Amino acid sequence: MADNPAPRARRLMDINTFEENFCDVRANKTYLCYKVEVREGDAWTPVLEHWDYLRNQGADTPWLPRRHAELCFLDLFPSWPLDQEKQYRLTWYISWSPCPDCVPELVEFLKKNSHVKLYIFAARVYTYFLGYERGLCDLRDAGAQLAIMTHNEHQHCWDTFMDSQGQPFEPWPNMEEQIQEQSQQLQTILRNPEN
DNA sequence: ATTTTCAAT
């Protein structure tokens with residue numbers, strides 16, 4: 001077929017994967033949904049060909065070298081033909097917040113790509129690695145916007161990245177409590193000058 | 001009750 005095909009439909013995440021990673025289950029893996037928008041005048045226009053998701057390479061993918069989801073994204077990014085003269089908004093919806101080991105590479109990425117502003121919405125704060133608080137503050141200081149996913153972001157992911165099969169997004173029972181708790185924790189970290 | 005923490009027991 002030589003004619004121009006319609007743009008290929010974006011790969012979508014199945015409902016179980018979403019619920020296991022972005023809702024009330026603490027999965028031993030990390031998923032990262034990402035979207036890109038470009039500034040055109042006063043508006044932000046979606047760059048839909050770069051909306052997708054990925055996951056880390058970890059214990060359950062032993063055929064791949066271990067790599068956190070954020071670094072998998074950094075591997076991917078250079079292949080995008082973005083216009084250095086334009087401004088971009090890169091938004092992540094990530095199931096665990098970035099760990100302190102990944103932060104220096106993210107900071108470097110932001111320094112090298114001043115045409116890109118990074119907005120991170122995490123489902124939960126990843127507290128497992130020592131120094132996680134400092135890592136998040138360093139990321140913030142490098143210009144990244146950090147927040148916890150609220151109902152709005154969950155709904156947006158559901159509508160944008162999921163194969164929802166026509167089902168509406170169903171908040172889980174303690175969703176609001178979890179959001180409040182995680183948001184409070186993040187705010188405490190970001191406000192603490194000791195970090 | 002200090003938790004299923006980009007696992008490892």
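Protein chains get the first letters and strands the later ones, always in sequence-line order, with residue 1 at the start of each. Keep in mind the model is a prediction, meaning the values are calculated, not measured.
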Stepwise side chain to side chain donor-acceptor pair (under 3.5 Å) check, A/T150 with A/E153: CA-CA 5 Å; A/T150 65; A/E153 284 75 37; 2.5 Å; yes
When the ring centroid of [X] is compared with that of [Y], is the distance short of 6.0 Å?
{"X": "A/H151", "Y": "A/W158", "value": "no"}
{"X": "A/F73", "Y": "A/Y34", "value": "yes"}
{"X": "A/Y93", "Y": "A/H156", "value": "yes"}

What I'd like to find out is whether the side chain of [X] reaches to under 4.5 Å of the side chain of [Y], using heavy atoms alone.
{"X": "A/K29", "Y": "A/E20", "answer": "yes"}
{"X": "A/C23", "Y": "A/F18", "answer": "yes"}
{"X": "A/E19", "Y": "A/W172", "answer": "no"}

Contact list for DNA chain B against residues 128-146 of chain A - heavy-atom distance below 4.0 Å: A/Y128
Within residues 176-191 of chain A, residues whose heavy atoms come under 4.0 Å of DNA chain B: none
When we call it a touch if two heavy atoms are under 4.0 Å apart, what does [X] touch: a base, just sugar-phosphate, or nothing?
{"X": "A/R55", "value": "nothing"}
{"X": "A/E70", "value": "base"}
{"X": "A/S97", "value": "base"}

5' to 3' contact window, DNA chain B with chain A (heavy-atom distance under 4.0 Å):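 First-to-last contact on DNA chain B, by the 4.0 Å heavy-atom rule, is B/dT3 to B/dA8.
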Donor-acceptor under 3.5 Å (A/D83 side chain, A/E85 main chain):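 Confirmed, A/D83 side chain pairs with A/E85 backbone.
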Side-chain donor or acceptor of A/N192 paired with backbone N/O of A/T188 under 3.5 Å: no
Rounded distance in Å between the P positions of B/dT2 and B/dA7: 24 Å
Whole-Å C1' distance, B/dT9 and B/dT4: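 It works out to 13 Å between them.
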Heavy-atom neighbours of A/L76 CG exceed 12 at 6.0 Å: yes
A/R89 atom CZ, neighbour heavy-atom count above 12 within 6.0 Å: yes
